[in-house]
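Throughout, protein chains are lettered first and strands after them, A, B, ... in sequence-line order, and every chain is numbered starting at 1.
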Amino acid sequence: MPIFGQQISINNDLVPDWTREEVSTGTTIMAVEYDGGVVIGADSRTTTGAYIANRVTDKLTRVHDKIYCCRSGSAADTQAIAEVVSYQLGFHSIELDEPPLVETAANLFRASCYRYREELMAGILVAGWDRRKGGQVYCVPIGGMLVRQPVAVGGSGSTYVYGFMDSNYKPGLNKDQCLELAASALSLAMERDGSSGGVIRLATISEEGVERRVILGNQLPKFSTH
Amino acid sequence: MLGEAEPQWLSEEVKTGTTIIAIEFNGGVVLGSDSRVSAGESVVNRVMNKLSPLHDKIYCALSGSAADAQTIAEMVNYQLDVHSMEIGEDPQVRSAATLVKNISYKYKEELSAHLIVAGWDRKEGGQVFATLKGLLTRQPFAVGGSGSSYVYGFVDAEYRKGMGKKECQQFVINTLSLAMNRDGSSGGVAYLVTIDEHGTEENVILGNDLPTFFDQ
């Protein structure tokens, strides 16, 4: 069979990363509860190996009006799971004739992540507001555990900000303090983690609704070592 | 025979899992470390002082393989003694760091230890040098060891130029405490060494005296 061009091995340096590496949301994600709602945030970088496939990704995905999830790990896996849960929640909410509980959404995520734990690579933070318990954050890490936490971080960049989070979070912060905490933590992680970067996407979810904002690269919080 | 697994400390290499930090202030340096030495999942020493003297006013902080790190420190201690006798005065911190770097670089394939060298000399005052994998670089502060990943965000946010001695000591204690809470290979007590023109001061902060955070 006639072949145009030179055939080179896939292991050759000339063959770009993105033809053989899986697409991953390298990532830093964060969610914080406050009295009356939650603040969620994420960076915006999606990588295939060393190539940044999308530098303005939206990793804050709606699964219901007042329930969102923050995705980290394999982009394909997390998108698929979020779609499945979004469908299940929509159905459930019609049956109930009222908005679903955040805990229900978190359990649906956990059910999928645990059942298919061998095949999936997904670390998800589920956060939202409901009338029964107010603002809640649930952590569903790789492996499919479920735990509620007042503040949670996830993704490859999260290791670098555990210390910052432990020292700066206190129970009883208000919405603006939570936004500042999330923006600072994400900014610090994006500086240290090669797989995190781009812009910061934030959202607040409360009884009033969902409010989204973006912090562009040149407006990121600055620290003295940068 | 119902398999009783052999204890890990018989087969696993001894590592100083570790968190180490050194920071420069106007007039000296502060070094800090945790005290846990692990072999696999066992803690074989919970009170080990990882801040090792290279000379009167030059210390190094050990991390990585315990044997490799201790041996490098002892070798450099000897070489520095000889060097300081030859020049007839106290050695420079940069000289000590260079000696560590020479060993780390020459044997980089065989060794797996990272030493942070810090001290005070008359020429340049307080200095901190990182020697990871055989490089040599002077920095205002340096962190190392497995626990350091968890506190990069914290030190980036909290470090400011021109901190005084007491502030630096508190900064080091806070950093160590945060890292020890998150890293399974770091823990125990916190050792502090403060070096300035007037002398060297060693301190221990016991577990219950360490700062606590919102979830403790």
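Contact count against chain A (heavy-atom pairs under 4.5 Å) is highest for Ser149(B) among Ala179(B), Ser149(B), Gly147(B).
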Could you list the donor-acceptor pairs under 3.5 angstrom formed between side-chain atoms of residues 97-109 of chain B and any protein atom two or more places apart in sequence or on another chain?
from      : atom 1 : to        : atom 2 : distance (Å)
Thr98(B)  : OG1    : Arg94(B)  : O      : 2.6
Asn102(B) : ND2    : Thr98(B)  : O      : 3.4
Ser104(B) : OG     : Val100(B) : O      : 3.1

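The OH atom of Tyr152(B) sits 5.5 Å away from the CZ atom of Arg192(A) when rounded to the nearest 0.5 Å. To the nearest 0.5 angstrom, Asp156(B) atom CG is 7.5 Å from Glu191(A) atom CD. The CZ atom of Phe154(B) sits 13.5 Å away from atom CE of Met165(A), with the distance rounded to the nearest 0.5 Å. Note that CG of Asp166(A) and CG of Asn174(B) are 11.5 Å apart. Values are rounded to the nearest 0.5 Å.
Residue-environment remark: CZ (Phe214(B)) exceeds the threshold of 12 foreign heavy atoms within 6.0 Å. Annotation for Asn203(B): atom CG counts as buried by contact number, over 12 foreign heavy atoms lying within 6.0 Å. The neighbour count for Asn26(B) CG, taken as heavy atoms of other residues, nucleotides or ligands under 6.0 Å away, does not exceed 12. More than 12 heavy atoms of other shown residues, nucleotides or ligands fall within 6.0 angstrom of atom CZ in Arg212(A). No more than 12 heavy atoms of other residues, nucleotides or ligands lie within 6.0 Å of CD in Glu180(A), so this atom counts as exposed by the packing criterion.
Between Gly163(A) and Val151(B), the shortest heavy-atom contact is CA-CG1, 4.3 Å. Minimum heavy-atom separation, Phe164(A) to Ala157(B): CE1-CB, 3.5 Å.
Residues Asn168(A) and Glu158(B) are in side-chain contact: their nearest non-hydrogen atoms beyond the backbone lie under 4.5 Å apart.
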